[in-house]
Amino acid sequence: MLTQRPRGTADILPGESGQWQAMEQIIRDTCALYHFEEVRTPVFEHTELFARGVGETTDIVSKEMYTFTDRGGRSVTLRPEGTAGVVRAFVENKLYGQPHTVKLYYIGPMFRYEKPQRGRWRQFHQYGVEVLGPEHPAADAEVIAINLDLLRRFGLRDLTVELNSVGCPVCRPRHREQMLERLRPVADRLCGDCQQRLERNPLRIFDCKNDRCQQVLAEVGAPTILESLCDDCRRHFEQVRAFLDAMDVPYVLNDRLVRGLDYYTRTAWEVTVPGFSSVGGGGRYNGLVAEVGGPETPGVGFAGSIERALMVLREQGGALPQAARLDVWVAVADEAAEVPAMRLLQRLRSEGLRADRDYLGKGLKAQLKSADRMQAAYCAILGADEVARGTVTLKDLRTGVQTEVPAEAVVHHVSKGGIEDGSTT
RNA sequence: GUGAGUAUGGCGAAGUGGUUAACGCACCGGAUUGUGGUUCCGGCAUUCGUGGGUUCGAUUCCCACUACUCACCCCA
């Protein structure tokens with residue numbers, strides 16, 4: 001156990017970490033284009049925040065939280081999602097005091113006590129944005145747009161935005177009643193899961209894979225949520241769609257789409273890839289800020305996971321541009337060159353070149369081999385002869401051309417990307 | 001939470017109830033003098049997840065445990 005990571009966690013090792021950095025950079029750059037600013041909130045919060053914000057009845061709160069009592073006797077929880085903490089920060093710091101729309105983005109670890117499987121971890125990393133303030137459907141469209149835009153910039157293909165509206169406190173309860181009315185009498189014909197869903201979240205029955213349940217739904221003529229929207233929600237949804245069309249953001253309607261968190265109102269969407277589960281999604285949450293104790297403030301946001309994006313990217317055969325390789329490998333040919341080699345090494349770095357050397361006492365041949373393995377562009381060979389002459393033998397590992405140059409000229413040659421004096425020695 | 005599968009060297013992967021556990025990759029060393037990427041030669045698991053049991057004898061059979069993987073639920 002001592003040398004084993006906790007279940008559902010991962011070590012992101014060199015090589016992989018380059019992909020993470022590249023992806024995070026895309027997120028930061030893209031968010032800047034849409035004028036989102038970063039917010040960093042604690043990795044843990046008071047348990048009550050998630051219980052109230054995310055919803056007591058959700059799977060996340062009822063059985064997936066990493067909750068513990070700290071030494072002061074307070075119940076705290078490792079955040080299972082990002083929105084609640086951001087909203088809490090918005091309220092606590094009174095960001096609503098500013099007349100502007102508040103547009104925030106975040107990247108960070110989230111925690112859920114689940115059984116790990118493909119694309120599912122106990123510690124995973126989400127990136128997401130929140131727009132706080134506007135009720136305007138253009139805000140919904142913008143968040144959907146950046147959600148899809150980011151995934152495309154990562155290099156993912158075959159993306160589909162599935163769009164729905166889950167209504168508001170006016171029309172959702174009404175719809176729920178209609179469903180209960182029709183389904184309760186035939187509840188015994190539903191599968192076990194759906195009988196539970198009937199009481200907890202009847203909307204989900206539409207999502208059941210069981211054919212019989214779907215048949216029952218059709219027989220009793222259960223209305224979809226889209227058919228039951230109130231006028232305000234209907235108008236809002238139509239406008240969101242109009243904006244998406246104007247922005248060339250493709251989507252498909254999915255009137256069976258439900259999201260796992262209680263706080264969603266009106267617009268809800270998910271981005272999917274064939275053969276995978278959701279790679280991200282979001283929605284509007286008009287009641288959340290007030291629920292958490294702030295002034296009535298509409299909001300809309302989305303979240304996606306780095307793990308899943310990388311997984312899909314890899315399986316689709318894509319990859320993010322790899323980090324730049326080493327510029328110079330310094331090979332130490334003999335004892336007399338040790339000190340000058342360190343001098344050279346540090347000088348190269350101070351000039352902005354990525355440089356390294358062997359520390360295992362390997363022979364020159366092995367050092368060249370290492371240089372090759374490290375994919376260094378150049379190898380600077382330094383031995384007693386060079387030290388005596390104040391020079392360095394510089395070899396271009398791509399062409400094999402090498403030449404002896406003054407020690408001070410190494411930076412110049414490497415920076416310029418070539419050796420002019422091509423006399424092979 | 002429910003169900004299924006798998007656990008052999010750094011990685012991938014054969015294998016058998018019985019004296020020395022294939023192979024590939026990676027790694028290390030060598031093929032005369034201070035030089036890489038190719039080639040050739042050599043090296044690299046007293047040990048087969050952990051603990052029990054069956055047996056004259058188990059890595060191979062049985063049980064338990066642990067871990068991992070996958071599906072369901074749900075989600076990112």
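Chain naming here is simple, since letters A, B, ... match the order of the sequence lines and numbering starts at 1 in each.
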Sorted by chain and number, sequence neighbours left out, salt bridge (charged side-chain N to carboxylate O under 4.0 Å, His left out) with A:Arg349 holds for A:Asp356
In short, ring pair (Phe, Tyr, Trp, His ring centres under 6.0 Å) pairs touching residues 130-152 of chain A with sequence neighbours left out are A:His136-A:Phe243
In short, ring pair (Phe, Tyr, Trp, His ring centres under 6.0 Å) pairs touching residues 251-275 of chain A with sequence neighbours left out are A:Tyr263-A:Tyr285
So what does [X] touch, heavy atoms closer than 4.0 Å: a base, only the sugar-phosphate, or nothing?
X: A:Leu261; value: sugar-phosphate
X: A:Gln375; value: nothing
X: A:Asp385; value: base
X: A:Gly363; value: nothing

Residue set satisfying side chain to side chain contact (heavy atoms under 4.5 Å, CB included) with A:Asp255, at least two apart, ordered chain then number -> A:Asn164, A:Thr224, A:Leu226
(Q) Taking the basic N atoms (NZ, or NE/NH1/NH2) and the acidic carboxylate oxygens, is any pair closer than 4.0 Å for A:Arg182 and A:Glu219? (A) no
Check your understanding: Say you pick atom P in B:U60 and the same atom in B:G51; how far apart are they, in whole Å?
Key -> 13 Å
Hits for side chain to side chain donor-acceptor pair (under 3.5 Å) against A:Thr9, two or more places apart or cross-chain, chain-then-number order -> none
Residue set satisfying side chain to side chain donor-acceptor pair (under 3.5 Å) with A:Asn286, at least two apart, ordered chain then number -> A:Arg284
Looking only at B:C70, B:A76, B:U35, the nucleotide nearest the A:Arg112 side chain is B:A76
Among B:C28, B:A76, B:U35, the one nearest any side-chain atom of A:Lys362 is B:C28
Base-pair string, RNA chain B, Watson-Crick plus G-U, cut-off 3.5 Å on both distances, | for inter-strand, is (((((((..(((.....[....))).(((((.......))))).....(((((..]....))))))))))))....
Pairs under 3.5 angstrom, nitrogen or oxygen only, protein versus nucleotides 72-74 of chain B, please.
from, atom 1, to, atom 2, distance (Å)
B:C72, N4, A:Gln117, NE2, 3.0
B:C73, OP2, A:Lys209, NZ, 3.4
B:C73, O3', A:Arg197, NH2, 3.3
B:C73, N3, A:Arg120, NH1, 3.4
B:C73, N4, A:Gln117, NE2, 3.4
B:C73, N4, A:Arg120, NH1, 2.4
B:C73, N4, A:Arg120, NH2, 3.2
B:C74, OP1, A:Arg197, NE, 2.8
B:C74, OP1, A:Arg197, NH2, 2.6
B:C74, OP2, A:Arg197, NH2, 2.7
B:C74, O4', A:Asp59, OD2, 3.4
B:C74, O2', A:Asp59, OD2, 3.3
B:C74, O2, A:Arg120, NH1, 3.4
B:C74, O2, A:Arg120, NH2, 2.1
B:C74, N3, A:Arg120, NH2, 2.5

Name every donor-acceptor pair, under 3.5 Å, that has one atom in a side chain of residues 119-126 of chain A and the other anywhere in the protein, sequence neighbours excluded.
from, atom 1, to, atom 2, distance (Å)
A:Arg122, NE, A:Glu114, O, 2.6
A:Arg122, NH2, A:Glu114, O, 3.2
A:His125, ND1, A:Glu307, OE2, 2.8

